[in-house]
Amino acid sequence: MSLLEVSWHRKIRWIPTTLIILPICAVCLVPWVPLSKEVFWLMIGYGFHTGLCITAGYHRLWSHRAYRASFVLRLYLAIFGAAALEGPIRWWAREHRAHHRYTDTDEDPYSIRRGLFHAHLGWMVLAKPQAQPPGKTQRTRRHIDLSDLDADAVAVWQSRYYALLAVLMGWGFPTVVGGVLFRDWMGGLLYGGIIKMVLVHHSTFCINSLAHYLGDRPYDDQVTPRDSFLAAVLTLGEGYHNFHHNFPSDYRNGVRWYHYDCTKWAIAGWAKALTRRMEALPQAVPVEKLLRVDWAEYRGMVEKGRFLVAVDGVVHDVGAFMAEHLGGEHLIQAWVGKDATMAFHAGIYRHSKVARNILACMRVAVLENEQPGNGS
């Protein structure tokens, strides 16, 4: 046997595979469990509800910090988000941040470059092949900063009790509702619990697959994310994916008034009663209108406590953005007061086009002369 050969059972990730096999078994019960009108609307309503907690909570709140939410809203999103049975917040956000940081590369956990099936489902049920002989540690993914989630009491609590919450809210709650309100315990479990789970799962999976496969690329045609009305309908508004990958901190996916984005509308609706952050994207100041400084003045401003970074001869104030950087604050802080042009254009981070849109909004000055010495 080759050192790289692995037993078949080691190629399968059993927990997500079980959650896929279970519904197949449950479908066999459909002929013996009639679907009443009340249980049908329980399945649709609860499915939409839990799916919205994934898109508004797991995705836009915890993965991208696109708005701020009160403790009560975060608790609500965490509890009913667990009902989708898509894993705890911390795991979900880590995989999604890796997807954004390494889009379309080998380190993208659900890269569409490896096929539609892999992006939709295969990445979860099939373990990534190891290139090392048995006994060697598999190379781990580059650092994904999760310090904000580790400091969020709700996210920590949900991760700790996720298994219990998932069973109680995913299957127990709809079973009780179906039984107590409609006298249909089995229908509540089968349709409101298990089949609802299937609908929510594949709605979310379409974000990884169809949203990278169908539609247009108006903001960046060098990456696979696309804008698609069909994908938006199937994913509760997440289908305007080319915009989202260029502006991940915007609470909207569908930026136009006519774009279907029910998640955006839900967040806007909560805004009147709950604390959040949903500012429109700031406008970039034209270079010709910026203050002109030399390197001594640039470093003098840094010494006064400002978090400034130079890229392409332009000084940017990154202080408000550092905590939102997917790679962690330390990566930006290492370049404060220096010329970060080469680091910014490093190919693996794909900053060259996606991040330019955000960086341009942080311009504060133009450097008039060349950097003296090596700038260290």
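For the single chain, residues carry numbers from 1 onward in sequence order.
- Residue Thr341 holds its OG1 atom at 9.0 Å from CH2 of Trp335, rounded to the nearest 0.5 Å.
- For the atom pair CG of Leu146 and CZ of Arg94, the computed distance is 7.0 Å after rounding to the nearest 0.5 Å.
- Judged by distance alone, the side chain of Tyr102 and the main-chain N or O of Pro109 form no donor-acceptor pair under 3.5 Å.
- The neighbour count for Tyr161 OH, taken as heavy atoms of other residues, nucleotides or ligands under 6.0 Å away, does not exceed 12.
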Determine, stepwise, if the pair Asp317 / Arg306 fulfils salt bridge (Lys or Arg N to Asp or Glu O under 4.0 Å).
CA-CA 7 Å; Asp317 189 335; Arg306 297 186 66 180; 3.2 Å; yes
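- Taking a cutoff of 4.0 Å between a charged side-chain nitrogen and a carboxylate oxygen, Arg217 and Asp227 do not qualify as a salt bridge.
- By the 4.5 Å heavy-atom criterion applied to side chains, Asp250 and Phe243 are counted as neighbours.
- Pairing each heavy atom of Ala365 with each of Val293, the nearest pair is CB-CG2, 4.0 Å.
- The shortest non-hydrogen separation linking Asp150 to Val156 is O-CG2, 3.5 Å.
- Checked by atom type and distance alone, the side chain of Ser63 pairs as donor or acceptor with a backbone atom of Tyr58 at under 3.5 Å.
- Closest approach of Val200 to Ala84, counting heavy atoms only: CG1-CB, 3.8 Å.
- A side-chain hydrogen bond (donor to acceptor under 3.5 Å, both in side chains) with His212 is found for one member of Thr103, Asn242, Asp104, Thr224 and no other, namely Thr224.
- Ser111 places no side-chain N or O within donor-acceptor distance of the main-chain N or O of Asp108, the cut-off being under 3.5 Å.
- In this structure, Val30 and Ile195 have side chains that are in contact, with non-hydrogen atoms separated by less than 4.5 Å.
- Heavy atoms of other residues, nucleotides or ligands lying less than 6.0 angstrom from OH of Tyr213 number 12 at most.
- With hydrogens and angles left out, the side-chain atoms of Tyr110 and His96 include a donor and acceptor closer than 3.5 Å.
- Centroid-to-centroid, the aromatic rings of His49 and Tyr76 come within less than 6.0 Å.
- Taking all atoms of both residues into account, the shortest heavy-atom contact from Leu149 to Ala155 is O-CB, 3.8 Å.
- Residues Phe229 and Tyr260 form a side-chain contact, since some pair of their non-hydrogen atoms from C-beta on lies under 4.5 Å apart.
- Using a distance-only test at 3.5 Å, with no hydrogens or angles considered, no donor-acceptor pair links the side chain of Lys338 to the main chain of Ala310.
- Checked by atom type, the side-chain pair Glu238/His59 shows a donor-acceptor distance below 3.5 Å.
- No side-chain heavy atom of Asp216 sits under 4.5 Å from any side-chain heavy atom of Arg226.
- Under a hydrophobic clustering in which Ile, Leu, Val, Met, Phe, Trp and Tyr are joined whenever their side-chain heavy atoms come within less than 4.5 Å, directly or via other members, Val255 and Leu230 fall into different clusters.
- Trp91 contributes atom CH2, which lies 8.5 Å from atom OH of Tyr162 (distance to the nearest 0.5 angstrom).
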For Leu210 and Ser228: C-alpha separation, side-chain torsions, deciding distance, then whether side chain to side chain contact (heavy atoms under 4.5 Å, CB included) applies.
CA-CA 9 Å; Leu210 290 186; Ser228 166; over 6 Å; no
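- Ring centers of Phe205 and His202: under 6.0 Å apart, within the cut-off.
- Once rounded to the nearest 0.5 Å, the distance linking CD1 of Ile207 with NE2 of His99 reads 9.5 Å.
- Hydrophobic clustering, with ILVMFWY side chains joined whenever heavy atoms are under 4.5 angstrom apart, groups Leu199 together with Phe80.
- Contact check for Leu291 versus Val366: no side-chain heavy atoms found under the 4.5 Å cut-off.
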Evaluate the side chain to side chain contact (heavy atoms under 4.5 Å, CB included) criterion for residues Met169 and Ile79: first the C-alpha distance (whole Å), next the side-chain angles of each, then the deciding distance (0.1 Å), finally the verdict.
CA-CA 7 Å; Met169 300 306 300; Ile79 291 173; 3.9 Å; yes
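- With ring centers used as reference points, Tyr240 lies 6.0 Å or more from His244.
- For the pair Thr263 (side chain) and Leu236 (backbone), a donor-acceptor distance under 3.5 Å is present.
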May I have the step-by-step check of side chain to side chain contact (heavy atoms under 4.5 Å, CB included) for His64 and Arg97, ending in yes or no?
CA-CA 8 Å; His64 294 297; Arg97 289 180 183 183; 5.9 Å; no
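- A salt bridge between Asp148 and Arg65 is present, with a side-chain N of the basic residue lying under 4.0 Å from a carboxylate O of the acidic one.
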Going through the distances and angles, do His245 and Tyr219 end up as a side chain to side chain contact (heavy atoms under 4.5 Å, CB included)?
CA-CA 9 Å; His245 268 255; Tyr219 298 93; over 6 Å; no
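- Side-chain contact between Val318 and Leu308 is absent, with no heavy-atom pair separated by less than 4.5 Å.
- Taking each heavy atom of Leu367 and Tyr298 in turn, the nearest pair found is CD2-CB, 3.8 Å.
- The environment of CH2 in Trp185 is crowded: more than 12 heavy-atom neighbours from other residues, nucleotides or ligands sit within 6.0 Å.
- Distance CD1/Ile267 to CG/Asp261: 7.5 Å, rounded to 0.5 Å.
- Put simply, the side chain of Lys196 reaches to within 4.5 Å of the side chain of Met43, judged on heavy atoms.
- Hydrophobic clustering (side-chain heavy atoms under 4.5 Å, transitive across Ile, Leu, Val, Met, Phe, Trp, Tyr) keeps Trp270 apart from Trp265.
- Glu86 approaches Trp92 most closely through the heavy-atom pair OE1-NE1, 3.1 Å.
- Residues Leu77 and Leu61 meet the side-chain proximity criterion, which asks for heavy atoms closer than 4.5 Å.
- The backbone N or O of Ala119 sits nowhere less than 3.5 Å from a side-chain atom of Ser209 that would complete a donor-acceptor pair.
- Hydrophobic clustering, with ILVMFWY side chains joined whenever heavy atoms are under 4.5 angstrom apart, keeps Leu168 apart from Ile54.
- Under the 3.5 Å distance criterion, with hydrogens and angles disregarded, a donor-acceptor pair is assigned to the side chains of Trp62 and Asp152.
- In this structure, Val198 is not a member of the same hydrophobic cluster as Val233, with clusters built from ILVMFWY side-chain heavy atoms closer than 4.5 Å.
- In this structure, SG in Cys53 is found 10.0 Å from CZ in Phe48, a value given to the nearest 0.5 Å.
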